[in-house]
Amino acid sequence: MTWLAIFLIVLGLFFLVVGSIGMLRLPDVFSRAHALSLTDSLGAVLVLAGLAVYEGFTMNFLRIFVVLLLVYLLNPVISHATIRAAYRSGLRPTEEEKK
Amino acid sequence: MNTFFFVVLTIITVLMLVYFYRVVRGPSVFDRVLGLNGISTKAIVLLVLIGTMFERVDMFIDISTGYALLNLVGALAIAKFLEERGASPK
Amino acid sequence: MRIFAAFALFILWLILSASYNLLHMATGAVVASMIVWLSPAGAPHVRRFSWLAALMYVPWLISRILKSGFHVSRLILDPALPIAPGFVQHKTKLSSDGELVVLGNSITLTPGTITVEVAPGELLVHGLDAASCEELKSGVFDDRVGRLFSVKEDKK
Amino acid sequence: MIIELPLLILLVVTAGGAIMVKDLISAVFILGSYSFVLALVWALVGAVDVAFVEAVVGAGLATVFFLLTLFGTTEKDTHIRRPPVPWSALLGLPVLGLLLLYGAGDLPAFGDVASAASTYISPEYLENSVEQTRTPNVVTAVLMDYRSFDTFIETIVIFTAGIACALILRKGGS
């Protein structure tokens with residue numbers, strides 16, 4: 001059980017690191033939102049799942065699961081709202097936008 | 001196991017620094033908002049992690065849930081304002 | 001349906017509250033029924049909801065997210081950064097609010113695609129590269145979400 | 001404590017960034033991230049209720065209010081024109097900091113059993129609070145019973161601030 005938890009957390013950390021690298025490398029707001037989506041929907045959720053598995057199948061497992069579900073349901077709404085605001089206020093993806 | 005958790009905590013904190021760089025340097029306002037969202041997601045994860053380290057998850061879960069919900073409200077409010085306002089006042 | 005909603009809220013209360021004596025549980029029951037009583041009746045946007053399809057949908061979505069997650073990771077870690085971001089106009093036959101919410105959320109959750117604008121029957125999606133949008137264009141998402149709310153399959 | 005070190009470094013970096021940055025909008029967002037880190041530090045030292053308030057007020061409400069204020073002002077003052085730092089401040093502030101650090105050396109360590117607070121007051125609260133106040137949570141008992149007037153007046157202050165915000169932000173004003 002502990003090894004499964006460690007595996008999940010390390011996998012989540014991999015996605016968190018990749019998401020951060022993407023945040024630095026990608027050229028514009030719209031692409032960076034993809035990096036954030038990678039961080040949210042895979043990195044954070046996998047780390048939370050690992051912690052839940054580490055807790056074992058007790059009440060705490062369910063509690064962490066509720067937080068996981070919240071992250072899963074709410075973060076797409078947040079990134080959609082941000083990107084829509086960016087789109088509506090006239091921002092467009094440009095290749096030559098400076099890093 | 002606690003050492004492992006400590007290593008994970010340190011790594012996530014360093015990653016927060018990356019997002020912080022995006023908040024400081026982001027060319028547009030929306031880059032800053034994205035960076036702030038990344039930091040808040042990591043804060044939620046870190047809270048649960050700290051709770052697991054202290055073996056008091058039930059206490060920290062409440063803050064974590066509150067964080068997640070408030071983060072939604074705050075981010076939606078910011079997005080609405082920026083949408084009404086238009087592009088960044090530069 | 002409303003009794004079911006109240007029961008679900010009560011279960012959530014039980015999970016989140018740490019104590020199980022009579023006073024706290026009674027408070028939870030009262031609060032849950034108050035919330036259901038005060039909120040407007042029903043969810044008019046959801047015509048029918050199939051639990052079996054939902055049970056099938058979640059693992060499918062997770063596998064999809066993992067697959068495109070590795071794809072996007074490869075794109076980001078590639079030294080040449082071979083991305084080709086662009087907007088895709090996505091026509092869909094789903095039109096009710098509930099379906100659009102699930103579809104838009106699933107698209108945003110999948111790394112590589114983000115919903116930008118939503119209108120009934122039409123979504124504006126930003127994709128990181130062509131391969132990410134491939135899946136969306138084939139219409140698998142629409143079929144799955146449509147099955148979730150038991151929309152009769154129209155012929156394409 | 002080594003476990004808090006990464007978060008404390010991040011805290012100092014964010015706090016410094018919020019002061020140093022020129023653009024006011026980024027200052028607001030940096031302050032928001034500072035609040036997140038500060039709440040994590042509070043949670044790490046065990047003050048869960050303070051962490052909760054910091055999360056609600058600092059990271060959620062304050063960011064939105066700051067943004068509202070910023071959008072209510074003209075665009076001209078989004079850039080700060082800061083005068084050069086006077087020499088007296090450059091000399092005086094490090095001396096003050098050293099004095100404070102010297103004074104902090106006399107404080108009891110975190111969780112010290114022999115310190116004055118844990119010899120006299122804490123056992124009294126911990127042992128008798130249930131009989132005296134009938135409240136299961138000790139922190140709640142201290143806040144709501146032993147220091148109830150303090151809490152009451154704090155509530156008045158917060159209520160007044162809320163009314164002021166509602167008056168300022170109402171539609172059709174100005």
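Sequence lines set the chain letters: A, B, ... in the order given, protein chains first and strands last, and positions in each chain run from 1.
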ask   = Got more than 12 heavy atoms from elsewhere within 6.0 Å of OH, D:Y146?
value =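 Enclosed.
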Which distance, rounded to the nearest 0.5 Å, do you find between the [atom1] of [X] and the [atom2] of [Y]?
X	Y	atom1	atom2	result
B:L36	D:I30	CG	CD1	10.0 Å
D:L44	B:I50	CG	CD1	4.5 Å
B:L17	D:I9	CG	CD1	9.5 Å
D:L7	B:L46	CG	CG	6.5 Å

Given a strict heavy-atom distance threshold of 4.5 Å, which part of [X] is in contact with chain D: side chain, backbone, both, or neither?
X	answer
B:L70	side chain
B:A77	side chain
B:V23	both
B:I63	both
B:Y19	neither

query = Is there side-chain contact between B:M16 and D:L40, with heavy atoms separated by less than 4.5 Å?
reply =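 The answer is yes; the side chains approach within 4.5 Å.
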ask   = Given D:V37 and B:F20, is the side-chain contact (heavy atoms from CB on, under 4.5 Å) satisfied, shown in steps?
value = CA-CA 11 Å; D:V37 181; B:F20 180 67; over 6 Å; no
inquiry  = Using a 4.5 angstrom heavy-atom cutoff, name the option from B:A75, B:A43, B:G74, B:G51 with the most pairs to chain D.
reply    =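 Ranked by contacts with chain D, first place is B:A43.
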request  = Could you look at D:A27 and say if it's the side chain, the backbone, both or neither that has a heavy atom under 4.5 Å from chain B?
outcome  =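 Neither; nothing under 4.5 Å.
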request  = Any chance you could lay out the side-chain contact (heavy atoms from CB on, under 4.5 Å) test for B:V24 and D:F29, step after step, and finish with the verdict?
outcome  = CA-CA 8 Å; B:V24 177; D:F29 287 126; over 6 Å; no
query = Would you say the ring centroid of D:F36 lies under 6.0 angstrom from that of B:Y67?
reply =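 Ring centres of B:Y67 and D:F36 closer than 6.0 Å.
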request  = Search all heavy atoms of D:A43 against all heavy atoms of B:L47 and return the closest pair with its distance.
outcome  = CB-CD2, 3.6 Å
